[in-house]
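The structure appears below as structure tokens.
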There are 2 protein chains.
Amino acid sequence: MTTDSKRPLTLRDVSEATGVSEMTVSRVLRNRGDVSEKTRTKVLSAAKELGYVPNKIAGALASNRVNLVAVIIPSLSNMVFPEVLTGVNKVLENTELQPVVGVTDYQPEKEEKVLYEMLSWRPSGVIIAGLEHTEAARAMLNSAGIPVVEIMDTDGKPVDAMVGISHRRAGREMAKAILKAGYRHIGFMGTKMPLDHRARKRFEGFTEALAKEGVEIEDREFYSGGSALAKGREMTQAMLERSPELDFLYYSNDMIGAGGLLYLQDQGISVPGQIGLAGFNGVELLQGLPRKLATMDACRLDIGRKAAEIIAAQLEDPDAEIEKHVTLTPTISFGDTLKRR
Amino acid sequence: MTTDSKRPLTLRDVSEATGVSEMTVSRVLRNRGDVSEKTRTKVLSAAKELGYVPNKIAGALASNRVNLVAVIIPSLSNMVFPEVLTGVNKVLENTELQPVVGVTDYQPEKEEKVLYEMLSWRPSGVIIAGLEHTEAARAMLNSAGIPVVEIMDTDGKPVDAMVGISHRRAGREMAKAILKAGYRHIGFMGTKMPLDHRARKRFEGFTEALAKEGVEIEDREFYSGGSALAKGREMTQAMLERSPELDFLYYSNDMIGAGGLLYLQDQGISVPGQIGLAGFNGVELLQGLPRKLATMDACRLDIGRKAAEIIAAQLEDPDAEIEKHVTLTPTISFGDTLKRR
DNA sequence: GTGAAAGCGCTAACAG
DNA sequence: CTGTTAGCGCTTTCAC
């Protein structure tokens, strides 16, 4: 039976209960070294009986090994990072490693703080979103002496390794597809987030590719807070009332794009004939909407997976030859809202 | 400057760099006890200069204090738990405590494993979803000697404290509202998840309240995997083709409900006149859909907040009088898909 | 196959 | 205000 004593049990308790030395108990519990089958079962059953739970704090200190991987992301509330986490989990499940998540709310200072907190637990590796960090954060990553993978974005120089897509290129590709389909009067809607560097880079790539063909964005609007779907509706309505000449709307994420799509349908406006639409992300959630929004897959699952693989591989063999710059290529899906050519 | 040495710095390094004893350095870094302003600044600047990051592993072992709260939830991928986490975070941000998240995928064995892993880090408290756990898990929670709050559900007996809503009652209330509105031919759609006890309890409460008025569910369907929105469409179509006499559809979550709503609109079926609809959860995401689905708020943010408050209060003063059974009352919102009476 | 001793990096508890 | 001494619970290392 388990007892409800105040003090958690220690190896010593198990040792005393079995008459086996602490050392051997430790060996049994960790499956390390040879232990006779007899003592092994004795120890195991005693540990179970007593309800012994090992103290990883002490173990980590003594062995100087912490099987934790810090995963630092900006947000949990838009489905893209949870999906990255799923990818990370999938890979780490097959190892001794365990992810620990920290959230920064897109604030550099908070990122710095979260990173500091996490590093103080001496994790075995760090997976962190983005390539932009405070100088102090970069310094910490540099001197931590553990594998570091920066994820999501590859437009920049990583501290160590990076896995992601080029958001600049993603913006460019979408612009090209839109122009190729014949649209010329383009509006843009996105989040009001100066610190979302990836959205910024997509936007830059987008305008750059348009400019190359002599096209400029004719209207734009940014939002913050609230339900993205509703905001998409509102912004789309406002923009079309203001700029009725527009024939294409590019949204910085699929949720507001979906809101726009629903609005246009309500209005009986023909999509993609009269107006074309595109978003970004490939949100699976939206499958099932009356019409499929054109979008671009951000490879979130693969990013998480690959990042975890790099960490795991590097810990397994620090001298292994590992590809440290992984750029995935997002695929564009035309859906029902962007004419094909 | 920070150095890129292999070995992480220790207190001793800072001590040697300043000529101040380790103990005093420790005091400065933790803001504990009186230290002269002079040594204080000297230590602080040296620590910063060297890039010292404290080792919480060692600190925790020595002080027998770990400022971690284990938060164990079934899933990250449906927006309800991230929202609970947000509530937890909001409260813990104002304390020394830090949440660490574990995910169980709705599997009892995995829950047991995750719990074991987390307890082995000797957290200061546990917040865990649901009241149903394996016997071993319950034993661990019992003997951990730390505050435990079971969340989401209050239909059962908690190990220690609980915060949530009564899902049985939620199901009953919705049934009553539906009957009161005059609907009599009711179909049900939900996830195929024998282990989602809360969905099960809602269903039980629902059928029970119907039965009291002599009404039975006339058709039902369960799904698993895939995009909920799309599944909602498909299931709704299938069910209405099979059972055209239905005048109300009750969905176990808002996403499939929204899919159903979109399908009915496509078909030009009048809602809530010809058919009424209701979901569960109050997903903010869906604001912005052409019509608002009737639903019931699950109080997710409040649950997270309250649970964290209980943990924090209990740690601050173990003898404080704390309400350990908190039942929140979900409010029903009729939206545009359930006739009012 | 098993055990004894030493310490991981820090902090509690004292002593000055 | 500052320093000294003992551990925290485990694992490493070496001895048997």
Side-chain angles (χ1 to χ4, degrees), chain A residues 5-44 46-47 50-67 96 117 119-124 144-145, chain B residues 5-44 46-47 50-67 96 117 119-124 144-145:
Chain A
S5 73
K6 199 73 214 172
R7 174 184 63 78
L9 295 155
T10 68
L11 266 190
R12 163 175 246 115
D13 295 309
V14 181
S15 167
E16 284 172 356
T18 54
V20 178
S21 79
E22 277 186 53
M23 197 50 238
T24 300
V25 172
S26 167
R27 279 194 270 253
V28 171
L29 264 20
R30 286 177 299 145
N31 280 315
R32 281 257 193 297
D34 292 330
V35 181
S36 76
E37 195 48 37
K38 201 178 134 202
T39 50
R40 161 177 212 71
T41 50
K42 178 161 56 165
V43 167
L44 245 25
L50 295 167
Y52 171 71
V53 177
N55 185 332
K56 288 209 184 188
I57 301 270
L61 182 61
S63 66
N64 196 24
R65 262 195 296 269
V66 183
N67 61 342
E96 294 283 68
E117 290 285 320
L119 288 182
S120 73
W121 288 103
R122 298 286 185 271
S124 295
Chain B
S5 74
K6 200 72 215 173
R7 175 185 63 78
L9 295 153
T10 69
L11 266 189
R12 164 174 245 115
D13 294 310
V14 181
S15 168
E16 282 171 359
T18 54
V20 178
S21 78
E22 277 186 52
M23 197 51 234
T24 301
V25 172
S26 167
R27 279 194 270 253
V28 170
L29 265 20
R30 286 179 298 146
N31 280 315
R32 281 262 194 294
D34 291 332
V35 180
S36 77
E37 195 49 38
K38 203 178 133 201
T39 49
R40 161 177 212 73
T41 49
K42 180 162 52 167
V43 168
L44 245 25
L50 296 167
Y52 171 71
V53 176
N55 185 332
K56 288 208 185 190
I57 301 269
L61 182 61
S63 66
N64 195 27
R65 261 196 298 268
V66 183
N67 61 342
E96 295 282 70
E117 290 285 320
L119 288 181
S120 74
W121 288 103
R122 298 287 186 271
S124 296

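Below, read A as the first sequence line, B as the second, and so on, with proteins coming before strands; counting in each chain starts at 1.
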So [Y] and [X], do their side chains get closer than 4.5 Å, heavy atoms only?
X	Y	value
Tyr52(B)	Val25(B)	no
Leu9(B)	Val14(B)	no
Leu61(A)	Arg122(A)	no
Thr39(A)	Arg27(A)	no
Thr10(A)	Asn55(A)	no
Val66(A)	Pro123(A)	no
Thr24(B)	Val43(B)	no

If only side-chain N and O atoms of [X] are considered, is one of them under 4.0 Å from the OP1 or OP2 phosphate oxygen of [N]?
X	N	value
Arg12(B)	dC10(C)	no
Thr39(A)	dG1(C)	no
Arg27(A)	dT2(C)	no

Which distance, rounded to the nearest 0.5 Å, do you find between the [atom1] of [X] and the [atom2] of [Y]?
X	Y	atom1	atom2	answer
Ile57(B)	Trp121(B)	CD1	CH2	4.5 Å
Leu11(A)	Glu16(A)	CG	CD	11.0 Å
Ser26(A)	Arg32(A)	OG	CZ	9.0 Å
Lys56(B)	Leu119(A)	NZ	CG	11.0 Å

Can you check the [X] [atom1] to [N] [atom2] distance for me, whole Å?
X	N	atom1	atom2	result
Arg32(B)	dC10(C)	CZ	C1'	13 Å
Arg65(B)	dT11(C)	CZ	C1'	9 Å
Asn55(A)	dC8(C)	CG	C1'	13 Å
Leu11(A)	dG7(C)	CG	P	20 Å
Trp121(A)	dC10(C)	CH2	C1'	12 Å
Arg122(B)	dC10(C)	CZ	P	21 Å

- Note on the structure: Here the residues of residues 15-26 of chain A within 4.0 Å heavy-atom distance, strictly under, of DNA chain C are Val20(A), Ser21(A), Met23(A), Thr24(A)
- Axis-to-axis angle for the helix from dG1(C)-dC16(D) to dG16(C)-dC1(D), ends of five pairs each, to 10°, equals 30°
- Between Leu61(B) and Gly33(B), name the one whose nearest nucleotide on DNA chain D is closer to the 5' end. Gly33(B)
- Just the endpoints, please: which first and last nucleotides of DNA chain D, 5' to 3', lie under 4.0 Å from a heavy atom of chain B?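 In short, chain B contacts DNA chain D from dC1(D) to dG9(D).
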